[in-house]
Amino acid sequence: MEITQYQVVLINLDHTQGSEMKKTRPCAVISPNEMNKHLRTVVVAPMTTSSKNYPTRLEITHDGKNGWVVLDQIRTIDKERILKPLGQLSISEIKALKAILKETFVD
């Protein structure tokens, strides 16, 4: 399965510890395509349907549901955890995601 940046995929995040997001859930792929093509791992941000409006969380609509991409819970996972592709973030969601990443990790 080819994994691309800003794709939404279903991932089994278990086993976790403490406050890490757990269970099987959609995640947004944030690693660049060059990494996704050549490495056995991908960098993802988990998604949830319940959240507060934190600056590190991006509100989106996916599969007809409102939800959040949780950019304060970014993690690197092995591709074997990916169960199936679910879709793609919209152009406006990608733009907002990039702005949050830049604000959080670059500036």
Side-chain angles (χ1 to χ4, degrees):
M1 166 183 359
E2 183 178 341
I3 304 301
T4 59
Q5 189 174 37
Y6 309 121
Q7 185 176 21
V8 177
V9 291
L10 187 65
I11 297 177
N12 178 359
L13 295 176
D14 291 332
H15 299 288
T16 59
Q17 291 186 337
S19 297
E20 297 171 347
M21 291 183 75
K22 39 182 123 325
K23 70 182 188 173
T24 299
R25 64 176 64 241
C27 295
V29 176
I30 58 174
S31 50
N33 289 333
E34 192 67 21
M35 286 174 60
N36 299 335
K37 181 177 178 182
H38 295 291
L39 299 177
R40 293 178 50 145
T41 57
V42 292
V43 180
V44 300
M47 296 167 58
T48 185
T49 55
S50 61
S51 178
K52 296 183 178 162
N53 192 12
Y54 295 130
T56 56
R57 302 201 176 179
L58 171 64
E59 190 170 10
I60 65 161
T61 300
H62 174 69
D63 200 25
K65 298 176 188 171
N66 292 333
W68 302 83
V69 179
V70 184
L71 294 168
D72 51 277
Q73 290 269 341
I74 292 171
R75 60 194 281 192
T76 302
I77 56 107
D78 191 283
K79 289 179 182 174
E80 288 186 11
R81 287 184 177 267
I82 299 173
L83 303 175
K84 66 180 180 178
L86 296 175
Q88 187 80 15
L89 296 177
S90 71
I91 299 296
S92 61
E93 291 167 344
I94 292 168
K95 186 176 179 180
L97 183 143
K98 286 179 174 182
I100 293 170
L101 287 175
K102 184 177 181 206
E103 171 100 10
T104 304
F105 296 107
V106 178
D107 291 342

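The basis for the numbers below is simple: all heavy atoms, side chains too, and nothing from hydrogens, waters or symmetry mates.
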Requested in this report: Could you note down all residue pairs passing salt bridge (charged side-chain N to carboxylate O under 4.0 Å, His left out) where residues 58-67 supplies at least one of them, sequence neighbours left out?
Outcome: none
Requested in this report: Decide yes or no on side chain to side chain contact (heavy atoms under 4.5 Å, CB included) for Ile82 and Ile77, but give the supporting numbers first.
Outcome: CA-CA 9 Å; Ile82 299 173; Ile77 56 107; 4.0 Å; yes
Requested in this report: Answer yes or no: does atom NE2 of His15 have more than 12 heavy-atom neighbours from other residues, nucleotides or ligands under 6.0 Å?
Outcome: no
Report task. Looking only at non-hydrogen atoms, find the nearest pair between Asn33 and Gln5 and report the distance. Result -> OD1-N, 2.7 Å
Report summary line: Between Cys27 and Pro46, the two heavy atoms sitting closest are SG-CA, 3.6 Å
Report summary line: Taking every heavy atom of Gln7 against every heavy atom of Pro85, the minimum-distance pair comes out as NE2-CB, 3.4 Å
Query raised in the report: Looking just at side-chain N and O atoms, do Thr41 and Asp78 make a donor-acceptor pair shorter than 3.5 Å?
Result: no
Report task. Specify the closest pair of heavy atoms between Ile3 and Val9, including all atoms of both residues, with the distance to one decimal. Result -> CD1-CG1, 4.4 Å
Report summary line: For Thr4 and Gln88, the nearest pair of non-hydrogen atoms, with its separation, is OG1-OE1, 4.0 Å
Query raised in the report: Can you tell me if NZ on Lys98 sees more than 12 non-hydrogen neighbours from other groups inside 6.0 Å?
Result: no
Report task. Name all pairs fulfilling the salt bridge (charged side-chain N to carboxylate O under 4.0 Å, His left out) condition that reach into residues 31-42, sequence neighbours left out, sorted by first residue then second. Result -> Arg40-Glu80
Query raised in the report: How many angstroms lie between CD1 in Ile11 and NZ in Lys79, if you round to the nearest 0.5 Å?
Result: 11.5 Å
Query - Spacing of CG belonging to Asn12 relative to NZ belonging to Lys23, to within rounding of 0.5 Å - result: 12.0 Å
Query - Connected hydrophobic set around Leu97, excluding itself, where side chains approach under 4.5 Å - result: Tyr6, Val8, Leu10, Ile30, Met35, Leu39, Val43, Met47, Leu58, Ile60, Val69, Leu71, Ile74, Leu83, Leu86, Leu89, Ile94, Ile100, Leu101, Phe105
Requested in this report: Could you check Gln73, Lys22, Arg75 and say which one makes a side-chain contact (heavy atoms from CB on, under 4.5 Å) with Leu13?
Outcome: Arg75
Query raised in the report: Taking the side chain as C-beta and beyond, is there a heavy-atom pair between Val70 and Arg57 under 4.5 Å?
Result: yes
